2 protein chains.
Amino acid sequence: MLHALLDGRALTAGELARVAGVAAPTASGHLAKMEETGLIAVVAQGRHRYFRLSGPAVARMLEAIMEVASSAPPGPRKLSVGPKEKALRHARTCYDHLAGTLGVGLADALTAAGHVELTEEAGILTEGGCAFLAAIGLNVEALKARRAARSGRILCRPCLDWSERRFHLAGALGAELCTHSLQAGWIRRLPGSRAVLVTRAGERVFREEFGLRGMVEETGVAAL
Amino acid sequence: MLHALLDGRALTAGELARVAGVAAPTASGHLAKMEETGLIAVVAQGRHRYFRLSGPAVARMLEAIMEVASSAPPGPRKLSVGPKEKALRHARTCYDHLAGTLGVGLADALTAAGHVELTEEAGILTEGGCAFLAAIGLNVEALKARRAARSGRILCRPCLDWSERRFHLAGALGAELCTHSLQAGWIRRLPGSRAVLVTRAGERVFREEFGLRGMVEETGVAAL
DNA sequence: GCGATGTTTCGGCATGGACCGAAGCATCGC
DNA sequence: GCGATGCTTCGGTCCATGCCGAAACATCGC
């Protein structure tokens, strides 16, 4: 259930029961405990109750757990779920930023262009990167509150991708990139999933501005 | 047990059984499972078997879990352990770097002097900071392999301190600072604990070089 | 109002896992 | 060699937890 909430959206108790593959009473019990201990927050809306992660700290914890879990020796258990897996690996949200092939690709492209400098431990958005992102519409000003004191540089957090085993952009910068991509219609959420779809407009932007290729998935994109 | 291993040292099965408050067979069973799943690594030495965390990813996961756990609502359960608590809050190792009042104080001092710039998401060691740390003996060269590509700046990772609720220095920089402080005799490990003691020499360095005050604890320091 | 839908509470079952004592190995000191 | 120490395996007990079905409660659409 927590994994399902990792995309930052709020899901109803029933949806969470379904994704977890348990009956409603079971899910309800777990959700009550997780809310009581502060892992998740709930907001009632009509006859639905929407649950979401209580904050970024919980998301970071889950990411850290998944990092360890995904690098564990290939035990007898397989978590692969088949058909949905492909879309998830290609592009998905990771709490508040983008992951998967798309997320890693964007991070690589920004790095190659000198817009972002990323190490295992931290990252910097360069001045050129500021200008580039502002030019394509990101609200860079909102990020500046978090910049390092003297150098004036905007720092960002790397996040290890469990499917690609590579680092992508998280933190405020990653969140803004994801938010803007959604608002600008470059990507679109697949209903009931963490996966996102790259639209035609997005494909053009990611190709022309970022230099990314092959970001459009075959299935379903024609409808967009 | 994992918490006990979080200071980066390797402990024997018996020691881990003791800190966990369980019988040897119980500890042995848990340790076997944790080793099988890759959480910990073991090295046999004579009739002892030394267990340690298998890598930084596990430490990051535990830190992330502790961050969430420490900010949980003050439930009925209390984890406070009393006498040892004070020394732990004052200065301790956190996998491979320093935490507690000392760790946070060093991070604050370096920030105030403009040697380090730290945000919630990431940090930078400035050029002045490089020079400063090199002057007091740190192996800054070893860090340079991890610097950001173009700006030449060394990045570091912030780590939320569960006792101070503030950020301190982790990552390669934090590890080097901790290692050097131990080698130079500025701090000393308290046997069988994550807590460290600030020596007279360390107190002088932390006061004169970093501008920290009150880093010597009353108890026990006279013996040094 | 009334049935339909979403959610929680209650009761009870069953599995799993946490634990320990006793015994079996391995290694150390001598 | 032999006893002492450290660790693991084995066997068995016991409690906690996960789970579900039935029923209660709340809200919606009408």
Side-chain angles (χ1 to χ4, degrees), chain A residues 1-7 9-54 58 61-62 65 68-69 72-73 75-79 81 191-193, chain B residues 1-7 9-54 58 61-62 65 68-69 72-73 75-79 81 191-193:
Chain A
M1 295 188 204
L2 290 173
H3 188 194
L5 293 174
L6 198 50
D7 68 354
R9 283 182 301 174
L11 300 181
T12 68
E15 288 171 328
L16 288 169
R18 232 167 296 131
V19 300
V22 296
T26 305
S28 182
H30 286 291
L31 291 169
K33 275 184 197 168
M34 291 194 281
E35 197 225 332
E36 189 186 354
T37 53
L39 280 181
I40 58 179
V42 61
V43 48
Q45 214 166 91
R47 56 183 161 183
H48 293 282
R49 297 189 73 203
Y50 285 91
F51 294 88
R52 58 177 174 79
L53 299 188
S54 65
V58 179
M61 177 185 77
L62 293 172
I65 292 174
V68 170
R77 62 198 71 176
K78 286 278 289 179
L79 288 177
V81 283
S193 163
Chain B
M1 294 189 205
L2 290 173
H3 188 194
L5 294 174
L6 198 50
D7 68 354
R9 284 182 301 177
L11 300 181
T12 68
E15 289 170 327
L16 288 169
R18 232 168 296 130
V19 301
V22 296
T26 305
S28 184
H30 286 290
L31 291 169
K33 275 184 197 168
M34 291 194 282
E35 197 226 330
E36 189 185 354
T37 53
L39 280 182
I40 59 179
V42 61
V43 47
Q45 213 166 91
R47 54 181 162 181
H48 293 283
R49 296 189 75 203
Y50 286 93
F51 294 88
R52 58 177 175 80
L53 298 188
S54 64
V58 179
M61 177 185 77
L62 292 172
I65 292 174
V68 170
R77 60 197 73 178
K78 288 276 291 179
L79 287 177
V81 285
S193 163

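Note that the structure is a prediction, hence the values are computed from the model and not measured. Values below: all heavy atoms of this structure, side chains included; hydrogens, waters and symmetry mates excluded. Every chain is numbered from 1 and lettered A, B, ... according to where its sequence line falls, protein lines coming before strand lines.
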Give the minimum heavy-atom separation between [X] and [Y], together with the two atoms involved.
X	Y	answer
Leu11(B)	Ala4(B)	CD1-O, 4.0 Å
Tyr50(A)	His48(A)	CE1-CB, 3.8 Å
Val58(A)	Ser54(A)	CG2-OG, 3.5 Å
Leu2(A)	Leu53(A)	CD2-CD2, 3.8 Å

*Go through the structure and list residues passing side chain to side chain donor-acceptor pair (under 3.5 Å) with His3(A), not counting sequence neighbours.*
Arg194(A)

Find the distance between [atom1] ([X]) and [atom2] ([Y]) and round it off to the nearest 0.5 Å.
X	Y	atom1	atom2	result
Arg49(B)	Ser28(B)	CZ	OG	7.5 Å
Met1(B)	Ile40(B)	CE	CD1	8.5 Å
Leu5(B)	Leu39(B)	CG	CG	10.5 Å

May I have the list of side-chain donor-acceptor pairs in residues 14-27 of chain B shorter than 3.5 Å, sequence neighbours left out?
| unit_1 | atom_1 | unit_2 | atom_2 | d |
| --- | --- | --- | --- | --- |
| Glu15(B) | OE1 | Thr12(B) | N | 2.9 |
| Glu15(B) | OE1 | Thr12(B) | OG1 | 3.4 |

*Once each nucleotide of nucleotides 10-23 of chain D is scored for protein heavy atoms under 4.0 Å, what B/S/- sequence comes out, 5' to 3'?*
--------SSBBB-

_According to side-chain contact (heavy atoms from CB on, under 4.5 Å), who are the partners of Arg52(B), at least two apart in sequence or on a separate chain?_
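For Arg52(B), the residues satisfying side-chain contact (heavy atoms from CB on, under 4.5 Å) (neighbours in sequence not counted) are Ala10(B), Ala41(B).
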
*Ile65(B): partners by side-chain contact (heavy atoms from CB on, under 4.5 Å), with sequence neighbours left out*: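 Testing Ile65(B) for side-chain contact (heavy atoms from CB on, under 4.5 Å), a comparison that skips the adjacent residues, returns Met61(A), Ile65(A), Met61(B).
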
*Considering only heavy atoms of chain B and a distance under 4.0 Å, specify the first and last nucleotide of DNA chain C in 5' to 3' order that meet this criterion.*
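Nucleotide range in contact with chain B: dA18(C) to dC28(C).
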
*Under 4.0 Å: is that the gap between some side-chain N or O of Thr12(B) and OP1 or OP2 of dG6(D)?*
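So the side-chain polar atoms of Thr12(B) never come under 4.0 Å of the phosphate oxygens OP1 or OP2 of dG6(D).
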
_Rounded (10°) bend between the five-pair end axes of the helix from dG1(C)-dC30(D) to dC30(C)-dG1(D)_ =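 So the angle between the two local helix axes works out to 40°.
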
*Kindly state which residues belonging to residues 46-54 of chain B come within less than 4.0 angstrom of DNA chain D, counting heavy atoms of the residue only, listed by number.*
Arg47(B), His48(B), Arg49(B), Phe51(B)

